[in-house]
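Structure, as structure tokens:
Any value given below was found using the heavy atoms of this structure, including those in side chains, with hydrogens, waters and symmetry copies removed. Here is how names work: the chains are called A, B, and so on, in the same order as the sequence lines, proteins then strands, and each is numbered from 1.
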Amino acid sequence: MSIFVLSEKNTQQAKKYAQALFGHTRRNKEGFYEGVWAGNSMVIGYLGGHLYEQYSPADYTDRWNAREAKPRQLIEMQPLVPEKWKIKEKKGKVGKQSIHDLLQKIKRAGDNVTEIYLATDPDREGTLLGREVLIELGLMDKVTSRVYAHDTAESQIRKAFSQAKPIATDELLYVAGLERQRVDWLGGIASFALMKSENALKGHLGKGTGSIGRVKSGVAIFIEQVNQKNDNWDEEAPENNKYGIKMTTSDGLVLKSARQAPLEAQIIGWIKRHSTITTVDIKAEDKKRSVNAPMLLQLSSIMTWAKKNKIKKEIMPFLNNLALKGYITYPRTEINVISKSFRDENLAPRAEEVKNLLEVKLPLPNRLIFDKPWINNKKVDNAGHMANTYGDNVPSKTELESLEKEEQQLYRIIGLRSLAPMMPKGIDSVRQYSSQVDDMPFAASSSSILIKGWRELPELYSNKNQSKKSDEETTFVDGGLKNVNFEVERIKRHPPVRITPANIIELMGKYGLGTSGTRENIIKEMTSFGQIKNNGKYYEVTEVGKALVYNQPLYTFESTKELGKLLLDIQGLGDSETPIPAGTAINKLARDISTWRDAILPKINDTFTYFDPNIEKYKAVERMEVKTKSGKTLKFKKEFFGHTFSEEECEALSQGKEITFKGNNGKPVTGMLKHQTFSGNKFIGFMPNWDSEKYKKAKSVR
DNA sequence: GCAAGGTC
């Protein structure tokens with residue numbers, strides 16, 4: 001039997017599969033991994049994420065071409081639900097090879113074998129992007145098996161392949177993936193067109209809305225909500241306060257009541273009723289408390305760490321680079337645990353080497369025995385990802401020092417956090433005080449460090465990072481009968497914490513907005529579109545961004561949550577007993593878009609425009625007037641891409657000839673005069689040959 | 001070109 005395995009990524013997946021199954025990573029002439037597994041000849045190929053993208057509206061039909069449609073038509077045609085959804089090859093590259101070439105290699109490899117295994121990431125998107133390719137290349141008939149490789153430890157990769165499941169087992173995941181993709185496309189395109197119109201109606205002509213969709217709208221909404229809550233916070237409001245009893249002993253111990261009351265009067269009443277009590281018996285009990293090292297790193301915690309440590313640049317590129325070299329594991333994961341196998345096969349054997357490289361003086365006695373909370377096989381299985389740790393390739397000191405400063409910092413913290421559970425645990429001495437006064441229990445505690453353990457490393461533990469609650473270094477007092485005094489303690493509720501560059505990534509995760517690898521870029525885009533801005537202290541939603549909050553009915557917190565539920569229902573993992581049919585979320589969204597469209601349409605007439613004549617860049621531009629060979633008079637814009645056409649160039653253009661000049665970016669631009677349409681208006685103007693199909697299709701002048 | 005998802 002001969003098998004072709006389709007994986008999702010090269011270095012972080014195909015290569016690891018090859019090492020685990022073949023014991024080597026030799027490549028064939030196509031660059032795919034080739035070897036023998038269980039008596040079968042096997043080729044392991046890879047993708048590079050999604051290699052296909054949605055058709056654009058104009059790809060479906062000319063009618064949907066927003067450049068040709070008038071604004072009113074553009075609104076009328078929403079939602080753009082295709083009769084048959086289609087995808088096309090993306091342009092671009094995976095590493096050094098073009099996507100087209102890579103797909104051709106996959107096609108050839110698939111044609112050459114008797115069976116195909118799908119072994120992309122075991123999640124929704126992995127299933128979608130893998131099946132997309134197999135279907136588009138006509139290889140689906142040969143696909144027999146689905147490999148769910150949740151775990152990158154070699155023993156677990158081998159297990160996943162030997163226990164491969166029938167391909168039909170991921171059918172529902174694929175359907176849910178399609179639904180997610182289509183809902184985002186349909187909503188994104190509709191909301192952009194409709195919001196632009198809403199803005200124009202409000203007089204924001206020519207003002208960029210920026211792109212808008214499920215995630216960006218969600219981000220704008222939660223920033224606005226948090227700011228509104230803070231700006232209108234009433235710290236005196238009853239719901240923002242509660243009251244407890246503070247019992248202070250003559251030797252300075254402070255015990256607090258186990259219960260609180262909503263009204264200050266209730267506590268004052270309690271204290272009055274107990275005013276005769278002046279001595280209380282206080283029990284003291286001594287305990288030892290072990291203090292765990294921090295959890296292993298997940299992507300959002302690395303990002304938070306980076307911001308706190310003043311790394312201003314985007315960190316994804318640094319992490320990608322470290323992962324490609326094998327210095328760290330695959331970085332795009334929100335999981336903070338690893339599997340037992342990964343501990344034994346990947347972390348433990350390299351621990352001493354990493355420890356020496358990072359010049360850590362502590363021993364690693366727990367190297368082979370650290371368990372919960374860092375080990376959770378089930379969580380790893382469900383997520384299909386593991387925490388970020390140091391990788392199988394430990395750099396030499398010279399190699400580490402040749403990396404960029406930020407990469408060195410990131411490697412160090414990821415390395416230390418991977419080693420932390422192997423270090424001695426911290427032990428604290430704790431004294432717990434308790435007493436009962438009538439109906440009310442009181443408690444307090446003191447503690448001090450007995451064994452520092454992993455806390456000897458300042459990068460893992462510093463007093464500065466501890467909250468005020470920390471009772472470290474508190475004084476110990478004996479129990480017994482003590483004189484006491486009761487007081488009211490007002491406990492204030494605080495408004496939600498403001499959103500800052502340091503916490504936004506983690507908060508997006510909490511709100512289910514975007515996925516780990518995409519969040520940093522979403523914030524960057526929203527900032528550059530001017531939808532949100534950092535006012536120096538926290539993020540604010542700008543006037544443009546407020547449209548996303550107040551001016552679109554499509555994306556709300558509820559609808560985002562609802563979509564998540566629907567996708568699970570389609571997968572058969574939701575509340576409903578049987579999976580709900582594909583298309584449920586799309587149809588619901590399409591109805592919401594129609595409602596929004598119908599609300600806008602009455603306000604839009606045929607001459608409605610996004611064009612603002614008062615904005616400088618839209619003012620009438622100087623036009624060139626030339627005569628063609630046939631004696632017709634032509635008018636066209638004198639400029640293109642920062643270049644003003646010379647007389648000779650105008651002459652050549654008027655005769656329908658192609659010219660070449662230097663554009664804004666210093667690169668040569670070639671093109672000629674063509675008949676074009678923009679926003680429903682026909683005109684003659686210079687067209688570059690950047691899009692060869694469009695260029696060939698457009699009529700030239702003669 | 002507009003989404004959001006993946007990865008190089």
Can you tell me the distance, in whole Å, between the CD atom of A:E520 and the P atom of B:dG5? 15 Å
Can you tell which of B:dG1, B:dG6, B:dA4 lies closest to the side chain of A:H50? B:dG6
Considering every strand and a 4.0 Å limit on heavy-atom distances, what is the contact class for A:Y330: base, sugar-phosphate, or nothing? sugar-phosphate
Base, sugar-phosphate, or nothing for A:R214, non-hydrogen atoms under 4.0 angstrom? sugar-phosphate
For A:W596 and A:Q552, does a side-chain donor sit closer than 3.5 Å to a side-chain acceptor? no
Roughly, in whole Å, what's the span from CZ in A:R519 to P in B:dG6? 10 Å
Return whichever of A:K90 or A:E525 has its heavy-atom-nearest nucleotide of DNA chain B closer to the 5' end. A:E525
Output the rounded distance in Å from CG (A:L194) to P (B:dG1). 20 Å
Mind checking if A:S191 touches a base, just sugar-phosphate, or nothing, with heavy atoms under 4.0 Å? nothing
A:R131: partners by salt bridge (charged side-chain N to carboxylate O under 4.0 Å, His left out), with sequence neighbours left out: A:D170, A:E171
A:E562/A:K588 salt bridge by N-O under 4.0 Å criterion: no
Using a 4.0 Å heavy-atom cut-off across all strands, classify A:L51 as base, sugar-phosphate, or nothing. nothing
Residues from residues 180-188 of chain A lying under 4.0 Å of DNA chain B - heavy atoms: A:R180, A:Q181, A:D184, A:W185, A:G188
Distance, rounded to the nearest Å, where A:Y511 contributes OH and B:dA4 contributes P: 19 Å
With heavy atoms under 4.0 Å as the rule, sort A:G517 into base, sugar-phosphate or nothing. nothing
Sequence neighbours excluded - ring-ring contact (aromatic ring centres under 6.0 Å, His included) pairs with any residue from residues 63-95 of chain A: A:Y60-A:W64, A:W85-A:W185
Could you tell me the separation between the CG atom of A:N65 and the P atom of B:dG1, rounded to a whole number of Å? 11 Å
For A:Y174, ring pair (Phe, Tyr, Trp, His ring centres under 6.0 Å) partners two or more places apart: none
Excluding sequence neighbours, so at least two apart, what forms ring pair (Phe, Tyr, Trp, His ring centres under 6.0 Å) with A:F608? A:Y610
Would you kindly say whether A:E89 and A:H100 are connected by a side-chain donor-acceptor distance under 3.5 Å? yes
Output yes when A:K565 and A:D569 qualify as a salt bridge under the 4.0 Å nitrogen-oxygen rule, no when they do not. no
Length of the CG-P vector between A:N10 and B:dG6, whole Å: 19 Å
Using a 4.0 Å heavy-atom cut-off across all strands, classify A:K216 as base, sugar-phosphate, or nothing. sugar-phosphate
Contact nearer the 5' end of DNA chain B, comparing A:K9 with A:G213: A:G213
For A:L324, answer base if it contacts any base atom (sugar-phosphate contacts may also be present), sugar-phosphate if it contacts only those atoms, and nothing otherwise; contact means non-hydrogen atoms under 4.0 Å. sugar-phosphate
Expressed as a whole number of angstroms, how long is the span from A:I87:CD1 to B:dG5:C1'? 13 Å
Looking across every strand, which nucleic acid part, if any, lies under 4.0 Å from A:N320 by heavy atom: base, sugar-phosphate, or nothing? nothing
Under 4.0 Å: is that the gap between some side-chain N or O of A:T515 and OP1 or OP2 of B:dA4? no
Interatomic distance where CG belongs to A:D123 and C1' belongs to B:dA4 [whole Å]: 14 Å
Which residues in residues 379-391 of chain A have at least one heavy atom lying under 4.0 Å from any atom of DNA chain B? none
Hey, could you give me each pair passing side chain to side chain donor-acceptor pair (under 3.5 Å) that has a residue in residues 383-393 of chain A? Not counting sequence neighbours. A:N346-A:D392
Sorted by chain and residue number, the ring pair (Phe, Tyr, Trp, His ring centres under 6.0 Å) partners of A:F686 (sequence neighbours excluded) come out as A:F640, A:F645, A:F661
Counting any heavy atom closer than 4.0 Å, what does A:Q54 reach on the DNA or RNA strands: base, sugar-phosphate only, or nothing? base
Can you find a side chain N or O atom of A:T518 that sits less than 4.0 Å from OP1 or OP2 on B:dA4? no
Ring pair (Phe, Tyr, Trp, His ring centres under 6.0 Å) against A:Y550, all qualifying residues, sequence neighbours excluded: none
